[in-house]
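The analysis underlying the following values was restricted to heavy atoms, covering all of them including side chains, and did not include hydrogens, waters or symmetry mates.
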Amino acid sequence: GIFVIGMYIILKSNSLNRDRARHRHWLHVLIFGLIYYMGVHSLFTFAAIGQTVLALIIAILMLAMTIHLVTTLFFNSDRVI
């Protein structure tokens, strides 16, 4: 909830302008951070209660998201970071 409210304030105040390439990269990083944070917590929660298949699926999705973020920011960008 707090993250969504914060992102709303950031976007409405034009602190993060989606028209600029550098700001688009940071928007991806912010959203990735939220999903990664939730993923780590759900991964360990499901592993702790014995749902190893679900924990493995979450781990694979987190790995795929990490690879996507790294390739997007460092290999497909115009190096504006």
Q: Output the rest of the hydrophobic cluster of I5: all Ile, Leu, Val, Met, Phe, Trp and Tyr residues reachable through side-chain heavy-atom contacts under 4.5 Å, sorted by chain and number.
A: I9
(Q) Other members of the hydrophobic cluster containing I60, with the 4.5 Å side-chain heavy-atom rule, please. (A)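 In the cluster with I60 are L56.
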Mind checking what makes side chain to side chain contact (heavy atoms under 4.5 Å, CB included) contact with [X], not counting sequence neighbours?
X	answer
Y37	H41
H68	T72
S13	S15

Q.
I'd like to check the ring-ring contact (aromatic ring centres under 6.0 Å, His included) partners of Y36; sequence neighbours left out, ordered by chain and number.
A. F32
Is it true that [X] and [Y] fall in one hydrophobic cluster, defined by side-chain heavy atoms closer than 4.5 Å?
X	Y	result
L63	F46	no
M65	M38	yes
M62	V29	yes
I67	I31	no

Of the non-hydrogen atoms in [X] and [Y], which two are nearest, and what is the gap between them?
X	Y	answer
W26	L16	CB-CD1, 4.2 Å
F3	L30	CZ-O, 3.4 Å
L43	A59	CD1-CB, 3.9 Å
A55	A47	CB-N, 3.9 Å

Q) With distance as the sole test, does H28 use its side chain to make a donor-acceptor pair with the main-chain N or O of R24 at under 3.5 Å? A)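 Between the backbone of R24 and the side chain of H28 there is a qualifying donor-acceptor contact (under 3.5 Å).
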**Q.** Distance (rounded to the nearest 0.5 Å) between L61 CG and S42 OG
**A.** 9.5 Å
Q) Is atom CZ of F44 surrounded by more than 12 heavy atoms (other residues, nucleotides or ligands) closer than 6.0 Å? A) no
Q: Decide yes or no for L27 and M7: does some side-chain heavy atom of the first lie under 4.5 Å from some side-chain heavy atom of the second?
A: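 Contact flag for L27/M7 side chains = yes.
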